[in-house]
Amino acid sequence: MPVTSAPPVPMPAAQHVRADVAVVGAGVVGLATAWELRRRGRSVAVVDPEPGAGASRAAAGMLAPVSEVQYQQEPLYPLMLASAGAYPAFVAAVEEAAGGSVGYRATETLVCGVDAADRQALADLRELQRRHGLAVEPLALRAARALEPALSPRLSAVHRIPDDHQVDPRRLVAGLLAALVAPELPAPSGPRGTDGADGGPARLVHDRAAGLRHGPDGAVTGLRLAGGGMVSAAETVLAPGTGLSDLEGLPGSWRPPLRPVHGDILRARPPAGAPALLERTVRGVVHGVPVYLVPRDDGTVVIGATSREDDLDGISAGGVFRLLRDAQAVVPGVADLELVEAMARARPGTPDDIPYLGRVRGSGGDPAAGLVVSTGYFRHGVLLAPLAARLAAELVLGRSGTDPGPDAEHLASTDPHRFDRPVEAPSVDLAIGSRTPNRSTR
């Protein structure tokens with residue numbers, strides 16, 4: 001059964017909270033990180049005015065390391081594969097502690113093209129996927145419709161991807177919250193990296209983090225809260241999504257580039273008594289434009305794929321129109337569903353669409369004591385949550401990335417300072433004695 005326990009009553013904002021680790025942001029990545037830290041024996045305070053209400057609320061929850069492969073994003077591939085491989089154990093541990101299901105489904109994904117150009121695009125992408133050892137199986141349309149009878153009979157191509165699965169992010173958030181505040185954790189039988197300790201129930205602080213607190217030596221010692229309270233912690237993990245630049249007290253002039261990428265998403269359900277429209281996730285390319293349909297256990301279908309970098313914070317009318325139009329081109333029965341929700345959220349994107357995960361460095365280039373960042377996950381926050389949580393926890397514990405191996409390679413690709421501009425000494429014009437600053441390039 002799904003997790004049904006409600007989060008605890010919000011704590012008074014002006015309270016002084018003490019914990020080993022403060023985590024800013026209660027999306028899937030922040031909550032998973034706090035959960036991993038609790039399992040490793042650290043007490044945790046999670047700071048967020050509305051846990052799970054941001055991008056995680058809108059996410060479809062596709063765990064798609066194969067179908068999310070895109071050209072010129074090679075550093076993302078090992079991150080996605082490693083995290084997808086960790087998902088079954090991650091889900092099992094959360095469900096055991098929370099006492100209910102988080103909606104993980106290991107059903108395969110079908111990827112469909114509508115016209116001849118879509119068919120060629122999928123064939124070209126399959127060659128890239130195969131070069132990286134990923135399993136993609138072309139299906140005859142008749143075989144595909146035997147699996148999913150609701151598919152359009154006019155599709156030009158269908159590929160089957162057995163290793164792309166899904167989870168329900170809303171149920172995952174509820175499960176993580178329940179696991180975080182559980183009085184005690186089950187006896188450990190979990191995955192590699194679990195220390196077998198219990199840091200105790202997390203403290204959920206329903207307030208906005210206004211800025212960092214610093215000790216006399218410059219080390220980060222916790223947070224100042226917008227409501228007047230504070231959190232004291234030896235380590236702080238920043239997972240605030242698009243709100244990173246709003247925090248005061250970041251080291252030096254460090255402001256890593258982040259952009260809000262808005263996405264419209266719909267939820268629809270069949271009429272009462274009607275069977276579920278789909279059993280598997282269906283991703284489509286419709287005249288070059290992506291769309292996806294993700295079925296939930298209750299028969300609801302999540303429809304999405306828009307990415308807007310505009311000034312419209314709310315739902316885009318054009319985006320809703322395109323989603324419904326393109327979804328019907330792949331699965332005509334969408335027209336018979338009841339539309340029950342339309343939503344838009346902003347996801348944090350980096351210039352190369354690879355997240356920022358690592359120790360933050362000060363102006364001198366040395367790691368700033370007590371500060372880890374984990375944000376910029378764009379479309380991949382739900383997929384990358386288990387890996388992000390483990391790496392962030394090991395950074396807090398001083399264990400991650402110190403030896404050659406996959407973790408060091410992961411952290412090299414997610415370096416939060418990879419877009420920093422170098423600081424150069426001013427040049428001297430000897431002819432006139434003037435000092436002219438050099439212009440540094442990225």
Side-chain angles (χ1 to χ4, degrees), residues 2 27-28 50 52-64 67-68 103 105 107 109-114 118 148 150-152 155 164-174 241 260-272 274-347 349 378-383:
V28 168
E50 296 182 273
S56 297
R57 179 74 180 167
M62 291 178 294
L63 309 178
S67 54
E68 286 285 349
R105 299 177 66 177
T107 51
T109 292
L110 301 181
V111 182
C112 310
V114 170
D118 298 333
E148 291 292 351
L151 290 176
S152 169
L155 296 176
D164 280 4
H165 305 149
Q166 65 145 298
V167 71
D168 186 335
R170 295 182 179 183
R171 289 167 65 180
L172 180 57
V173 163
V261 185
H262 300 274
D264 304 301
I265 197 159
L266 312 176
R267 282 170 172 79
R269 65 188 176 202
L277 183 64
L278 296 168
E279 293 296 326
R280 297 161 179 80
T281 296
V282 173
R283 301 175 68 111
V285 181
V286 182
H287 311 308
V289 178
V291 68
Y292 57 71
L293 301 93
V294 185
R296 295 285 190 244
D297 290 342
D298 63 358
T300 300
V301 178
V302 181
I303 304 170
T306 65
S307 288
R308 297 183 286 104
E309 299 190 37
D310 53 29
D311 296 328
L312 185 62
D313 290 332
I315 304 162
S316 163
V320 172
F321 168 76
R322 288 188 294 273
L323 288 177
L324 291 174
R325 178 197 64 194
D326 293 347
Q328 289 176 65
V330 179
V331 179
V334 165
D336 299 323
L337 300 179
E338 176 189 0
L339 186 62
V340 294
E341 184 180 81
M343 178 178 291
R345 289 291 188 273
R347 298 155 293 183
F378 189 23
R379 297 186 308 271
H380 307 297
V382 176
L383 169 59

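- More than 12 heavy-atom neighbours from other residues, nucleotides or ligands sit within 6.0 angstrom of CD on Glu341.
- Arg171 has a carboxylate O that lies under 4.0 Å from a charged side-chain N of Asp297, or vice versa, which qualifies the two as a salt bridge.
- With Val301 as reference, Leu293 is the one residue of Val334, Leu266, Leu293, Val340 to meet the side chain to side chain contact (heavy atoms under 4.5 Å, CB included) rule.
- Pro295 has its side chain out of reach of Thr300: every pair of non-hydrogen atoms, C-beta onward, lies at least 4.5 Å apart.
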task: Under the side chain to side chain contact (heavy atoms under 4.5 Å, CB included) rule, what do Glu50 and Arg57 come out as? Steps first, then yes or no, please.
output: CA-CA 11 Å; Glu50 296 182 273; Arg57 179 74 180 167; over 6 Å; no
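- Taking a 6.0 Å sphere around CG of Asp298, one finds it holds more than 12 heavy atoms contributed by other residues, nucleotides or ligands.
- The distance from atom CG of Leu337 to atom CZ of Arg267, rounded to the nearest 0.5 Å, is 14.0 Å.
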- prompt: side chain to side chain contact (heavy atoms under 4.5 Å, CB included) between Arg296 and Gln166: does it pass, once the steps are laid out?
  reply: CA-CA 9 Å; Arg296 295 285 190 244; Gln166 65 145 298; 2.9 Å; yes
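- The two residues Gly314 and Ala344 come nearest to each other via the heavy atoms O-CB, 3.6 Å.
- In terms of heavy-atom proximity, Arg345 sits nearest to Ala58 at CG-CB, 3.5 Å.
- Contact of the Ile303 side chain with the Ile265 side chain is not registered, since no non-hydrogen atoms from C-beta on lie closer than 4.5 Å.
- Nearest heavy-atom pair, Pro169 versus Ala59, reported as atom, atom and distance to 0.1 Å: CG-O, 3.3 Å.
- Of the possible donor and acceptor atoms, none in the side chain of Thr306 sits under 3.5 Å from a partner among the backbone N and O of Gly319.
- Two residues are said to be in side-chain contact when any heavy atoms from C-beta on lie closer than 4.5 Å; Glu68 and Leu383 fail this criterion.
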Intermediate values then yes/no, side chain to side chain contact (heavy atoms under 4.5 Å, CB included), Val289 and Arg322: CA-CA 9 Å; Val289 178; Arg322 288 188 294 273; 5.9 Å; no
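- Residues Arg347 and Ser307 bring a donor and an acceptor atom of their side chains to less than 3.5 Å of each other.
- Interatomic distance, NE2 of His165 versus CG of Leu63, reported as 8.5 Å (0.5 Å rounding).
- Judged by distance alone, the side chain of Asp326 and the main-chain N or O of Val286 form no donor-acceptor pair under 3.5 Å.
- Two residues are said to be in side-chain contact when any heavy atoms from C-beta on lie closer than 4.5 Å; Met62 and Asp164 fail this criterion.
- Here the shortest heavy-atom pairing between Ala329 and Ser152 reads O-CB, 3.5 Å.
- Between the Arg269 side chain and the Glu338 main chain, no donor and acceptor come within less than 3.5 Å of each other.
- The minimum heavy-atom distance linking Thr109 with Arg283 is given by the pair CG2-CD, 3.8 Å.
- Heavy atoms only, all atoms of each residue included: Ala305 and Leu323 are closest at N-CD2, 3.8 Å.
- Formation of a donor-acceptor pair under 3.5 Å by the Asp118 side chain with backbone atoms of His287 is found in this model.
- Val28 places a side-chain heavy atom less than 4.5 Å from the side chain of Ser56.
- Open room surrounds CD on Glu279; 12 or fewer heavy atoms of other groups in view lie less than 6.0 Å from it.
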